[in-house]
J.: 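Below you'll find the structure I mean.
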Amino acid sequence: MSQNNNLADDPNQNPRVTWEGCSVLLDINDGDRLVFARLTAASTLTIGNKKYPLQPLIGCPFGSLFQVENGKEGQYLSRVVPTAEGDNVEEKGCCKIKDESKDNRGLVDNNTAQSLSSEDIDSMRRQGATGDEIVQALIANSATFEKKTSFSQEKYRLKKQKKYAPKVLLRRPFTRSICETYFKKYPERIGFLRVDALSLLLSMGNVGAHSDVLVVDMVGGILTGAVAERLGGTGYVCNSYLGLAPYPTDIIRMFNFSSETCRRIVRCSLTDLRSSQNGTCLPVGELGEPHNIETQSQEERSPMCSASVDESAVSSENGMLDLVAETSTSPVTKASKTPKPGEKASQELISFWKENGFSSLIIAAPDVDAWSVVSELLPFLSFSAPFAIYHQYIQPLATCMHNLQLRKMAVGLQISEPWLREYQVLPSRTHPFMQMSAFGGYILSGTKIRTEDQLQPK
């Protein structure tokens, strides 16, 4: 991790270009498979039943496209440089689609149209034929290809390209790409937090430069990383937690944050915030026993935390990033070995927040009662500060909203339900995607106000 930060902090390092040790998102065959990986000399990527080294990806700009090619030492990933001729071919194909009037009613799929056998394809590979050449040979030896419509021809070409000439797109991991990938592959690890709900959380939380944001992140660290990315190295992100052990935030490692940004991400337990508010600050580095919170064992923690420990043995193969935390048996050992980002907040910062309050509060804790968390953390906000709470279901937020109204602790309370529809935009076939996520959770937002008992003179 330190090597990664040092390379990222190098003034000569271009942030648009990959470096050794950085985290990347590999998009295989136009979203058919998404893989997080860390670029090292020994890391590999598995496509089908073969492994390809990721060494050629180091030093290439994000957004580069790679394709499997045949070489003397076997197959490898080769960078594809787009040309103007390829763009002209695509434009001609679009024009052809508009004038197309054929159909596929006379075609019968009986597996006899292709005259090229698998032995012929293996022979072409041994002779050094590229994937594109194999695809062109399959098209030339197909008896029904010319009878198909342009739509069917393009579908056939893409199907063969994904099998014989797979492509890998090198993407930069940031908030949107990371959230979309986790929502597609492991939605339960981020509490089924969709990208539109995450963006609405940041907006309703008024996250901006030089803000001090209090965060309760039980969704793997995606919320903490999103707030830190929007702050851009200014202000602070204080990740608060209940009990003795902080919640896993391993997703932050994938953002490629610099050391300065990592120093702006700190953690502080609710016990420390309470003790500092009462004027009995704990020494730096001393966890102490909680005064108003029952001691929880490893089995009594939140389901998200316990699940991450059980899944810690499940790691990605071939140099890919581990998506879960490492198993730890002692909270003290885990706290002392916590790497950047996520170091414990200093007493100076805690005292500053005690006197001035946080500028906003954002909560994403699906496994904890919303009202119990809000009632504990809302006093640490400054007056007129916004807060936003995400939950997968509406009932906990409705109960929390009702209690806030009864106690007159906040104004402008509203529960929002984000809704996202994605469209396929192609010539003569523009329509919403057939398989979409119809549910994005709920968000309770409001603004803290001073209560009547706080207005009374002391």
Side-chain angles (χ1 to χ4, degrees), residues 24-37 43-57 60 63-94 96-97 104 107-171 184-185 316-320 424 426 429:
V24 296
L25 175 60
L26 303 179
D27 189 338
I28 304 173
N29 289 331
D30 297 330
D32 286 354
R33 183 183 169 203
L34 299 173
V35 176
F36 287 107
S43 59
T44 58
L45 173 65
T46 302
I47 302 178
N49 56 357
K50 296 184 179 180
K51 297 181 179 180
Y52 303 92
L54 297 180
Q55 178 69 28
L57 279 66
C60 296
S64 301
L65 183 64
F66 294 83
Q67 186 173 345
V68 176
E69 299 290 350
N70 294 322
K72 297 180 179 179
E73 299 180 356
Q75 294 182 340
Y76 65 97
L77 292 176
S78 175
R79 185 180 174 187
V80 178
V81 180
T83 59
E85 296 180 357
D87 298 338
N88 295 333
V89 171
E90 292 180 0
E91 293 178 0
K92 293 179 181 179
C94 294
K96 185 179 178 181
I97 288 174
N104 299 328
L107 300 181
V108 179
D109 188 7
N110 52 10
N111 296 328
T112 59
Q114 182 56 249
S115 60
L116 198 66
S117 63
S118 57
E119 290 79 7
D120 298 333
I121 297 176
D122 294 338
S123 177
M124 293 179 62
R125 284 177 172 174
R126 287 192 296 268
Q127 294 175 6
T130 62
D132 292 334
E133 293 176 351
I134 295 177
V135 173
Q136 292 299 326
L138 290 171
I139 293 175
N141 289 272
S142 176
T144 58
F145 182 80
E146 296 297 334
K147 300 178 183 180
K148 297 181 179 180
T149 64
S150 298
F151 296 143
S152 298
Q153 289 178 358
E154 184 65 21
K155 185 177 180 181
Y156 180 86
R157 183 182 291 106
L158 289 177
K159 180 180 178 180
K160 299 304 179 182
Q161 179 265 320
K162 291 179 180 180
K163 182 176 181 180
Y164 297 103
K167 295 182 179 181
V168 178
L169 180 62
L170 180 60
R171 297 177 57 183
K184 182 178 180 180
K185 298 182 64 176
S316 301
E317 299 179 356
N318 310 318
M320 301 177 191
Q424 170 186 288
L426 291 173
R429 40 184 171 160

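All heavy atoms count here, side chains included; hydrogens, waters and symmetry mates do not.
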J.: Between atom CZ of Phe151 and atom CG of Leu426, what is the distance when rounded to the nearest 0.5 Å?
T.: 8.5 Å
J.: Which residue in the set Val168, Leu170, Leu26 passes side chain to side chain contact (heavy atoms under 4.5 Å, CB included) when paired with Leu54?
T.: Leu26
J.: Please check if the side chain of Thr144 supplies one atom and the backbone of Lys147 the other of a donor-acceptor pair under 3.5 Å.
T.: no
J.: NZ of Lys163 to CD1 of Ile47: how many Å apart, nearest 0.5 Å?
T.: 15.0 Å
J.: Distance only, no hydrogens: is a donor on one side chain within 3.5 Å (strictly under) of an acceptor on the other, for Gln161 and Asp132?
T.: no
J.: Where do Val35 and Lys185 come nearest, in terms of heavy atoms and distance?
T.: CA-NZ, 4.3 Å
J.: With a 4.5 Å limit on heavy-atom distance, are the side chains of Arg79 and Ser64 in contact?
T.: yes
J.: Please give me the minimum heavy-atom distance between Ala137 and Leu116, naming the atom from each residue.
T.: CB-CD2, 4.1 Å
J.: Would you give the length of the straight line joining atom OG1 of Thr44 to atom CD of Gln55, rounded to the nearest 0.5 angstrom?
T.: 12.0 Å
J.: Could you go step by step and tell me if Leu45 and Ile28 meet the side chain to side chain contact (heavy atoms under 4.5 Å, CB included) rule?
T.: CA-CA 10 Å; Leu45 173 65; Ile28 304 173; 4.1 Å; yes
J.: Is there side-chain contact between Leu57 and Phe66, with heavy atoms separated by less than 4.5 Å?
T.: yes
J.: From Leu169 CG over to Asp27 CG, what is the distance, rounded to the nearest 0.5 angstrom?
T.: 5.5 Å
J.: Rounded to the nearest 0.5 Å, what separation is found between the CD1 atom of Ile139 and the CD atom of Gln136?
T.: 4.5 Å
J.: A side-chain contact here means heavy atoms from C-beta on lying under 4.5 Å apart; do Ile121 and Ile134 qualify?
T.: yes
J.: Between Val68 and Tyr52, is any pair of side-chain heavy atoms under 4.5 Å apart?
T.: yes
J.: Can you spot which of Lys167, Lys162, Lys184 makes a salt bridge (Lys or Arg N to Asp or Glu O under 4.0 Å) with Asp32?
T.: Lys162
J.: For Arg157, check salt bridge (Lys or Arg N to Asp or Glu O under 4.0 Å) against everything at least two apart and list the hits.
T.: Glu154
J.: Going by distance alone, is a donor N or O of one side chain under 3.5 Å from an acceptor N or O of the other, for Asp120 and Ser123?
T.: no
J.: If I take atom CD from residue Gln114 and atom CZ from residue Phe145, how far apart are they, to the nearest 0.5 angstrom?
T.: 11.0 Å
J.: Has Asn141 got more than 12 heavy atoms of other residues, nucleotides or ligands less than 6.0 Å from its CG?
T.: yes
